[in-house]
> 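Below: one structure in structure tokens.
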Amino acid sequence: PPPAGAAEPDLAELYAYPDLSGRPGKAWMRANMVASADGAATLEGRSGGLSGPADRHVFAALRGLADVILAGAGTARAERYGPAEPGGDGWSGEGWARLRAGRPLTTPIAVVTRRLDLDLDGPLLAAAPPDARTIVVTTQAAPASRRDAAAARHADVIVAGAGHVDLVAAVRALAERGYPRILCEGGPRLLAQLAGRGLLDEYCLTVSPLLAGGGAGRVVDAAGGHAVGNAGHALAGAGASGAAAASSLGRMTLCHVLEDDGFLLCRYVSGPAAAP
């Protein structure tokens with residue numbers, strides 16, 4: 001909490017996206033993840049067990065500030081995604097309206113799925129409001145019948161890539177559709193792929209004051225299972241393989257750290273310079 005007499009931090013200001021008006025067709029990719037103090041991405045298979053009130057408050061703020069929420073199909077299944085609920089976690093109607101200024105109150109979700117192996121009748125697609133339709137990002141390899149079925153259930157469909165999702169094309173397509181301010185919520189493999197392709201502009205990490213132990217995966221996890229991170233980052237992979245991966249992804253600059261009840265809420269931007 002802030003010192004006695006100090007104001008609560010203005011999260012809308014602290015986490016404001018940079019001005020993209022001079023970058024037509026360009027996107028700003030922000031990722032938001034939570035990890036235990038020993039670097040685990042989940043507790044008993046889900047990230048929610050690592051969270052706390054401050055993390056959930058910032059989580060909601062980041063969802064409100066984004067034009068679209070990006071997640072992998074595995075994360076959407078494990079975390080039981082439905083449409084993003086407006087407000088909640090400490091956000092009043094007026095505060096939420098400020099975050100969503102000029103946009104629908106619900107932030108749409110874009111789910112990345114190579115084969116479109118989603119529950120097409122589940123709430124993620126079927127319950128999305130008309131002004132915040134779920135976006136399915138898939139490939140030409142996905143069965144055409146499932147792409148047609150997803151569209152029939154009021155989802156927007158982006159085909160990006162032949163056998164695998166082309167994330168560069170997917171991000172460009174989202175920006176061109178009016179969603180340049182993107183919030184990635186994982187999972188760890190999708191986050192590693194975004195970072196590896198130079199698409200990650202910003203990384204928001206909550207460090208939970210818990211030790212998870214066990215075999216839980218890392219917050220940023222390459223396809224081969226090696227932990228990867230950025231040089232100088234608290235969660236950079238250990239050992240030679242982790243160091244090599246870290247140097248290949250480049251350095252991030254710490255913009256701020258907030259603390260609440262032992263939770264550390266960190267914001268990094270890519271490269272050595274501070275965010276605009």
Side-chain angles (χ1 to χ4, degrees), residues 30-34 41-53 55-93 95-97 99-100 103-139 142-160 165 167 170-171 173-174 177-179 181-191 194 206:
R30 165 184 285 162
N32 183 40
M33 302 290 279
V34 60
T42 58
L43 191 65
E44 298 181 351
R46 298 185 67 186
S47 63
L50 297 170
S51 188
D55 175 60
R56 288 191 290 270
H57 188 54
V58 171
F59 174 86
L62 297 186
R63 281 187 152 203
L65 289 166
D67 292 326
V68 65
I69 299 163
L70 183 69
T75 292
R77 286 190 293 267
E79 303 290 343
R80 301 169 190 165
Y81 269 42
E85 294 292 335
D89 286 307
W91 288 98
S92 67
W96 186 255
L99 296 179
R100 300 297 301 158
R103 297 171 297 175
L105 289 179
T106 300
T107 309
I109 292 176
V111 58
V112 178
T113 168
R114 184 174 72 91
R115 298 287 302 173
L116 228 170
D117 49 349
L118 297 172
D119 180 1
L120 301 183
D121 294 311
L124 180 58
L125 270 67
D131 59 357
R133 290 155 53 107
T134 294
I135 302 165
V136 175
V137 182
T138 190
T139 67
S145 59
R146 292 191 65 77
R147 293 202 302 265
D148 294 342
R153 286 162 174 77
H154 308 293
D156 293 333
V157 178
I158 293 174
V159 177
V165 174
L167 290 174
V171 169
L174 288 172
R177 289 176 180 230
Y179 305 114
R181 294 171 289 192
I182 305 172
L183 172 66
C184 176
E185 294 181 349
R189 189 166 296 180
L190 174 60
L191 186 52
L194 290 170
T206 296

> How far apart are the closest heavy atoms of G72 and L190, and which atoms are they?
N-CD2, 3.5 Å

> Quick one: closest heavy-atom pair of L174 and A110, and the distance?
CD2-CB, 4.3 Å

> Do the side chains of L65 and R30 get nearer than 4.5 Å, heavy atoms only?
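In contact.
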
> Just verifying a value: how many Å separate I182 CD1 and I69 CD1, rounded to the nearest 0.5 Å?
12.0 Å

> Is the side chain of T75 donor-acceptor paired with the backbone N or O of G187 at a distance under 3.5 Å, no angle test?
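Here the side-chain-to-backbone pair exists.
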
> Could you tell me the separation between the CG atom of L118 and the CG atom of D121, rounded to the nearest 0.5 Å?
11.5 Å

> Does the side chain of T107 reach to within under 4.5 Å of the side chain of L183, using non-hydrogen atoms?
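Heavy-atom side-chain distance check fails, nothing below 4.5 Å.
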
> Is there a side-chain contact between D119 and L124 (heavy atoms, below 4.5 Å)?
no

> Provide the closest heavy-atom pair for G82 versus I109 in the form atom of the first, atom of the second, distance.
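Shortest heavy-atom contact: O-CD1, 3.2 Å.
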
> Examine distances only and state if a side-chain atom of T138 and a backbone atom of R114 form a donor-acceptor pair shorter than 3.5 Å.
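Flag set: sc T138 to bb R114 pair under 3.5 Å.
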
> Quick one: are V111 and V136 in side-chain contact, heavy atoms under 4.5 Å?
yes

> How close do P86 and L105 get, heavy atom to heavy atom, and via which atoms?
CB-O, 3.6 Å

> Just wondering, do E185 and R63 contact through their side chains at under 4.5 Å, heavy atoms?
yes

> Under the ring pair (Phe, Tyr, Trp, His ring centres under 6.0 Å) rule, what pairs show up with a residue in residues 70-91, not counting sequence neighbours?
H57-W91

> Is it true that a side-chain atom of R100 and a backbone atom of G95 form a donor plus acceptor pair closer than 3.5 Å?
no

> Is I135 close to Y179 at the side-chain level, that is, under 4.5 Å between some pair of heavy atoms?
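Yes, their side chains come closer than 4.5 Å.
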
> What are the two closest non-hydrogen atoms of A60 and G88, and how far apart are they?
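Heavy atoms of A60 and G88 come nearest at CB-O, 4.1 Å.
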
> With rounding to the nearest 0.5 Å, note down the distance linking CZ in R153 to CG in L125.
8.0 Å

> Measuring from R133:CZ to D156:CG, what's the distance to the nearest 0.5 Å?
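Rounded to the nearest 0.5 Å, the CZ-CG separation comes out at 4.0 Å.
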
> Say you draw a straight line from CZ of R147 to CG of L116; how long is it, rounded to the nearest 0.5 Å?
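Going from the CZ atom of R147 to the CG atom of L116 covers 8.0 Å.
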
> Any idea which heavy atoms bring S51 and D55 closest together, and the distance?
OG-OD2, 2.5 Å

